[in-house]
Amino acid sequence: MYIVVSIAILVTMVLALVRALLGPTVYDRVLAVNVFGTKTVLLLSVIAFLYGRPDFLDLALAYALINVVGILAVLEFFQDRFRKQERVDSD
Amino acid sequence: MIELALDVVSWVLLAVGGACVLIGGIGGLRLPNFYTRIHAASLTDTMATLLIFVGMMLQSGLSLATLKLFAIMLFLLLTGPTATYALANAALLSGLKPEGDTGQSKHGENTQP
Amino acid sequence: MTRSPVRPASQRGEARLPAVLLLLLVLAVSWVLWSGLYKPLLLGLGAFSCLLSAYLAHRMGFFRHQALMALLPGLPAYWWWLLREIAVSSIEVAKLILKPSMPISPTMVELKAQSDSEVGQVILGNSITLSPGTVTVDVHEGKLLVHCLTRDSARSLQSGEVTRRAARLENN
């Protein structure tokens with residue numbers, strides 16, 4: 001069962017990557033990367049059970065922490081750039 | 001007997017969770033614009049996370065792993081909406097217009113308690 | 001949630017003792033469970049980082065929201081209700097995605113939160129985002145801008161059960 005779930009998660013990660021490559025706007029790409037990160041956490045937890053190695057749960061938690069901070073940092077960066085652009089436009 | 005029932009329940013949960021993940025991935029490709037794709041992402045983010053983690057918690061029984069799984073699930077469910085909100089709000093502020101915002105005409109209706 | 005970055009010192013102070021103790025307890029328990037090693041050095045490091053985290057949370061104004069403690073008892077019932085809501089709406093969204101014609105009708109709706117506090121509005125917004133098919137796009141002065149995947153979900157949002165439940169969570 002774990003193998004089926006991990007394959008489903010892997011397929012979704014590929015689909016998210018396709019969306020990240022296609023995505024017409026920056027936000028589509030960030031959304032796809034966010035989905036990819038969440039799926040990584042899920043995949044790590046499933047792998048912990050698939051191979052019977054509970055250490056992977058700690059990795060999953062660490063990845064979840066990094067993922068959130070990373071997404072917020074990327075968004076902050078884009079918002080900053082957008083604000084700068086606006087300032088340049090108004091000058 | 002009880003163990004078998006637990007196994008069956010957790011397998012069903014895991015299978016449905018995997019299906020949710022797949023449907024969310026497909027939706028991310030099929031849906032037409034950014035604001036609708038968020039909904040597909042939130043399907044995989046909440047429902048699939050809940051189902052898969054609860055399925056694994058049932059498998060591992062009363063142990064430290066269950067507690068860790070619960071902590072990871074809680075963390076994902078608490079921070080996921082925040083990240084989604086930040087993303088959607090950034091898109092809105094940058095001027096990305098959602099299509100068909102017919103709800104604005106219903107503005108007066110929603111103030112009733 | 002646009003807020004001025006510099007907060008006056010009066011809002012940073014007045015830490016509630018029970019809230020601080022609860023945070024310290026949660027931090028200490030999670031340290032002990034996650035480390036699994038009980039050497040004096042590691043326990044000392046754990047105590048140090050718990051205290052540091054609590055101090056940083058205090059500096060960030062975490063304890064300023066006194067409402068946070070008051071809504072803990074009502075949380076399980078609210079989560080149970082939210083769980084059923086999430087299940088129902090995610091089945092709907094899954095059906096929508098899988099139908100070949102994809103009968104979506106994206107709608108923007110403005111909701112008014114019933115609670116005045118920031119905590120209540122954050123809980124409401126997060127609950128709406130958590131259930132598939134509805135996403136909070138903007139929160140400003142007690143008004144939430146929500147993007148819905150279909151008109152039906154918009155209508156059920158406007159019937160106001162979420163806002164009522166979230167407000168009740170805070171009041172008792």
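Chain identifiers are assigned alphabetically (A, B, ...) following the order of the sequence lines, protein sequences preceding nucleic acid strands; residue numbering begins at 1 within each chain.
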Taking atom types as modelled, find out whether B:D45 and B:S42 have a side-chain donor-acceptor pair closer than 3.5 angstrom.
-> no
Whatever's closer than 4.5 Å to a heavy atom in chain A on B:F75 counts as side chain
Heavy atoms, side chains only, cut-off 4.5 Å: are A:L42 and B:F53 in contact?
-> yes
Among A:V35, A:V5, A:L31, residue most engaged with chain B (heavy-atom pairs, under 4.5 Å) = A:L31
Max heavy-atom pairs within cutoff under 4.5 Å with chain B, candidates A:V46, A:I71, A:V74, A:V14, goes to A:V46
Crowded around A:L21 CG? As in, over 12 foreign heavy atoms under 6.0 Å?
-> yes
When the 4.5 angstrom heavy-atom criterion is applied to A:A16 and chain B, the contacting part is neither
Toward chain B, the part of A:N67 with a non-hydrogen atom under 4.5 Å = neither
Looking at B:A90, B:S63, B:G24, which has the largest count of heavy-atom pairs under 4.5 Å with chain A?
-> B:A90
Is chain B contacted by the side chain of A:L57, its backbone, both, or neither, given a heavy-atom distance below 4.5 Å?
-> both
Of the non-hydrogen atoms in B:T66 and B:S60, which two are nearest, and what is the gap between them?
-> OG1-OG, 2.8 Å
Max heavy-atom pairs within cutoff under 4.5 Å with chain B, candidates A:T25, A:L65, A:V41, A:V11, goes to A:L65
If you measure from CG on B:L14 to CZ on A:F49, what distance do you get to the nearest 0.5 Å?
-> 9.5 Å
Examine whether an atom of B:I52 lies under 4.5 Å from a heavy atom of chain A, and if so say whether it belongs to the side chain, the backbone or both; otherwise answer neither.
-> side chain
Output, in order, the C-alpha distance, side-chain angles, deciding distance and verdict of side-chain contact (heavy atoms from CB on, under 4.5 Å) for B:M56 and B:L13.
-> CA-CA 9 Å; B:M56 287 194 293; B:L13 287 177; over 6 Å; no
For B:Y85 and B:N89, does a side-chain donor sit closer than 3.5 Å to a side-chain acceptor?
-> yes
Identify which part of A:V4 has an atom lying under 4.5 Å from any heavy atom of chain B, answering side chain, backbone, both or neither.
-> neither
Chain A contact via B:L76 - side chain, backbone, both or neither, heavy atoms under 4.5 Å | side chain
Among A:A60, A:A48, A:S45, A:P54, residue most engaged with chain B (heavy-atom pairs, under 4.5 Å) = A:S45
Check ion pair A:D28-A:R19 (N to O, under 4.0 angstrom) = no
